[in-house]
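Each ligand, and each atom within it, is numbered from 1 in the order the structure gives. Predicted model, so just to flag it, every value in this text is computed and none were measured.
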Amino acid sequence: MADITSNTKPDFDAVVVGAGFAGMYMLYRLRGLGLSVRVFETGTSVGGTWYWNRYPGARVDTETMFYSYQFSEELQQEWNWPERYPAQADLAAYARHVADRFDLWPDIQFKTAVERATWNEDTHLWAVETGDGGRVTARYCIMATGCLSAVNYPHIEGLDAFAGETYHTAHWPEAGVDFTGKRVAVIGTGSSGVQSIPVIAEQAAHLHVFQRTANYVIPAHNRAMEPAEVAEIKANYPELRARAKQSFSGNYFPVAGPSAMAVSEEERNREYEARWAAGGLSIMAAYADFQTSDAANETASEFIRNKIRGIVNDPDVAELLAPKQLFLCKRLCVGTDYYETYNRDNVTLIDISETPIDRITPEGVCVDGRVYEVDVVVLATGFDAVTGALKRIDIRGVDGLTVQDKWEEGPKTYLGLGMAGFPNLFTITGPGSPSVLTNMIPSIEQHVEWISACIDHMRDHEFDRIEAQAEAETAWVAHVNDIGDQTLRATCQSWYFGSNIPGKPRVILPFAGGFPVYANKCDEVAANGYTGFTLA
Ligand code: N01
């Protein structure tokens, strides 16, 4: 171990953890400031989410002309997205293109997991230790670890003893999986299950879907991009991007009206029909009161339930697939032929809402004493969202304070960017920022640009230490919780509140006040000399 004294020059100005879309852009910006940077990445290539989530049918459910970087006009003009919702392979190719175009590769160390980061109050440096025994020091430690990256392996008795193959959607083998002639179980019906189920069903001999909670699934209506529409978007990119940034989610979804209850049933259903026909997530913005009015929420829920009843031939199966929880309680899913898949002879839906999986036996999945024999188990069981990736690293701040201890009752951050007790550590799309309630790439860009401007400011003013103030953090956490508690989402179980992980404190993880309000607050903090932070 290197001996650090107060005059020690760091190995790097900054260490960035993760080479997904956040880490790549952070590297680009910091290098632009002339800083030396080392990025550590566990995988073998760039792309983060879109590197790991290679399950069959994986594709983004945000229109990709907008789920992409906007920091470089050349990049957004030269890159061509083949489909409205590009597949994982195209997103991973885009990430590699960005790394090529901006020559990011030399500063990224792959196949290297960061295990520990320790603050040294004497030197104002972080020491970052990696799984391969490496250790480097840096002035800044920037966590670009992703919101949906810490895989949730469920604790189901017997899982390890299963005699067949087991896969998790978020950790899919690079070579793919051949389901031909196999009996398959998929456990989980969130976005990953919804996307993979129809594709697996086409190949498998038989597919058993184990559903604990039915979700709302809107058809994607994916299609190839037309050259004329691509040209039009590219010609108007700055204006379209600016408009999206003024919307709650950082996506431009026009709102039809303030309340679903203020219009006639006929008008409302016409609106829902149009959005269902258009496909994708825009139905969630049809009326502004889905998160505040039970009655408004129910109109959208019942519209979708009726769609399911119209698609699924067996009325009992249709009722099982019809969601019972509030619309937008959980993250809305976007699928292709999802409900249609349950009309196939080789697909069986098993309801585990009342009778959970007893255990996995070597032969298959046991529910209510009956074993469904399968050759493959696919876990589409999601993530320890937003906080998981950070808590899985041993991060020690001032006086040895750990993130695990600090967040025992739920995450505590100032703006989702920094934490009291953890100087010079920034989190990109950390808890308490809009992150997963928004289009992730614009949110990533907003954070990266704020952090790089902050570091630039510190250099200009010869500061070498920045730390969120405890009072500012406490006030922000209270504000995040107040806003979160005002939404109907707060009344249900979802990963937004940590409910999918046993023992995780029930606290809203993202800031639910919308992208524009949040971005303005961050700008104001910076413009006023980083209020709520102490610079030294
Ligand atoms: O994970 P999830 P995901 N026994 O947590 C069930 C983004 N994403 O990977 O709802 C039985 O949503 C669990 O049941 P329940 C997107 O933001 C985006 O699908 O807890 N079942 C649920 O059905 C998304 O929201 C894209 O009752 C168990 C499922 O597993 C987020 O990632 C694609 C269980 C997990 O659903 C997470 O999606 C994919 C157990 N022990 C993901 N444990 C696109 O852009 C869990 N479940 C398209």
Side-chain angles (χ1 to χ4, degrees), residues 21 48-50 52-64 67 84-88 91 146-159 167-172 185-197 199 208-218 220 222 249 251 279-281 284 321 323-325 328-336 338 349-360 365-367 377-386 388 429 435-441 489 492-502 504 509-510:
F21 285 91
T49 283
W50 299 109
W52 294 105
N53 287 269
R54 293 188 214 101
Y55 58 82
R59 58 179 69 246
V60 66
D61 62 8
T62 301
E63 310 222 6
T64 304
Y67 182 88
R84 183 181 179 195
Y85 301 105
Q88 175 272 336
L91 288 148
C147 293
L148 296 160
S149 50
V151 175
N152 173 33
Y153 283 99
H155 299 286
I156 303 177
E157 191 192 321
L159 190 54
Y167 303 99
H168 194 291
T169 45
H171 223 141
W172 205 256
V186 172
I187 300 174
T189 51
S191 297
S192 306
V194 160
Q195 287 191 330
S196 55
I197 284 164
V199 183
H208 296 279
V209 177
F210 294 84
Q211 175 188 271
R212 192 161 70 179
T213 310
N215 267 312
Y216 294 91
V217 183
I218 309 299
N222 186 35
S249 65
N251 277 306
L281 295 169
M284 71 189 206
L321 289 166
K324 314 293 178 288
Q325 84 275 14
L328 304 184
C329 170
K330 291 176 184 282
R331 167 69 153 70
L332 192 59
C333 299
V334 175
T336 297
Y338 181 66
L349 180 66
I350 295 119
D351 173 30
I352 53 167
S353 59
E354 311 261 308
T355 42
I357 294 169
D358 295 334
R359 61 188 183 284
I360 309 273
V365 182
C366 180
V367 177
V377 170
V378 173
L379 301 168
T381 46
F383 305 90
D384 182 353
V386 186
T429 65
S435 68
V436 288
L437 292 175
T438 61
N439 182 351
M440 283 304 293
I441 300 202
R489 192 181 284 121
C492 28
Q493 306 294 320
S494 72
W495 59 253
Y496 291 125
F497 277 85
S499 345
N500 64 328
I501 303 295
K504 191 164 174 173
L509 299 172

At a 4.0 Å cut-off, with the gap strictly under it, does some heavy atom of [X] reach an atom of ligand 1?
| X | answer |
| --- | --- |
| R59 | yes |
| T189 | yes |
| Y153 | no |
| K330 | yes |

Is a donor on one side and an acceptor on the other found under 3.5 Å between the side chain of [X] and the backbone of [Y]?
| X | Y | answer |
| --- | --- | --- |
| R59 | Y85 | yes |
| N500 | F383 | yes |
| S499 | W495 | no |
| D351 | S353 | yes |

Check [X] against ligand 1 and report side chain, backbone, both or neither, counting heavy atoms closer than 4.0 Å.
| X | answer |
| --- | --- |
| Q195 | side chain |
| F210 | neither |
| V334 | neither |

Which atom of [X] lies closest to which atom of [Y], heavy atoms considered:
| X | Y | answer |
| --- | --- | --- |
| P154 | T381 | CD-OG1, 3.4 Å |
| A214 | P323 | O-CB, 3.6 Å |
| L91 | P86 | CD1-O, 3.5 Å |
| I218 | G280 | CG2-O, 3.2 Å |

| message | Tell me whether A380 has any N or O atom under 3.5 angstrom from an N or O of ligand 1. | response |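 Yes; at least one N/O pair falls below 3.5 Å.
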| query | Taking N or O atoms only and a 3.5 Å limit, does D61 qualify as a polar contact for ligand 1? | reply |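 Among all N and O atoms of D61, at least one is under 3.5 Å from an N or O of ligand 1.
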Shortest protein contact, [atom] (heavy atom only):
| atom | answer |
| --- | --- |
| atom 15 (P) of ligand 1 | T213 OG1, 3.4 Å |
| atom 24 (C) of ligand 1 | S191 OG, 3.6 Å |
| atom 9 (O) of ligand 1 | S192 OG, 2.6 Å |
| atom 1 (O) of ligand 1 | G382 CA, 3.1 Å |
| atom 5 (O) of ligand 1 | W495 CD1, 3.5 Å |
| atom 20 (O) of ligand 1 | R212 NH2, 2.9 Å |

Per-atom contacts of ligand 1 with [X], taking only distances under 4.0 Å to non-hydrogen atoms:
| X | answer |
| --- | --- |
| V60 | 45 (O) |
| P154 | 41 (N) |
| L148 | 7 (C), 17 (O), 31 (C), 32 (O) |
| Y55 | 33 (C), 39 (C) |
| I187 | 11 (C), 21 (N) |
| I352 | 11 (C) |
| G188 | 6 (C), 23 (O), 29 (C), 30 (O) |

| message | Whether R489 engages the ring of F497 as a cation-pi pair (distance to the six-membered ring centre under 6.0 angstrom, angle to the ring normal within 45°) should be assessed. | response |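 Judged by the rule, R489 and F497 form no cation-pi pair.
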So do the side chains of [X] and [Y] get within less than 4.5 Å of each other, counting heavy atoms only?
| X | Y | answer |
| --- | --- | --- |
| V186 | H208 | no |
| N439 | Y67 | yes |
| K330 | Y216 | no |

| said: Heavy atom to atom 36 (O) of ligand 1, shortest distance: which of G190, A385, P356, S196 holds it? | reply: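 Closest candidate by heavy-atom distance is G190.
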| D61/R84 under salt bridge (charged side-chain N to carboxylate O under 4.0 Å, His left out): CA gap, chis, key distance, verdict | CA-CA 9 Å; D61 62 8; R84 183 181 179 195; over 6 Å; no
| Are Y167 and W172 close enough that their ring centres sit under 6.0 Å apart? |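 Yes: the rings meet the under 6.0 Å criterion.
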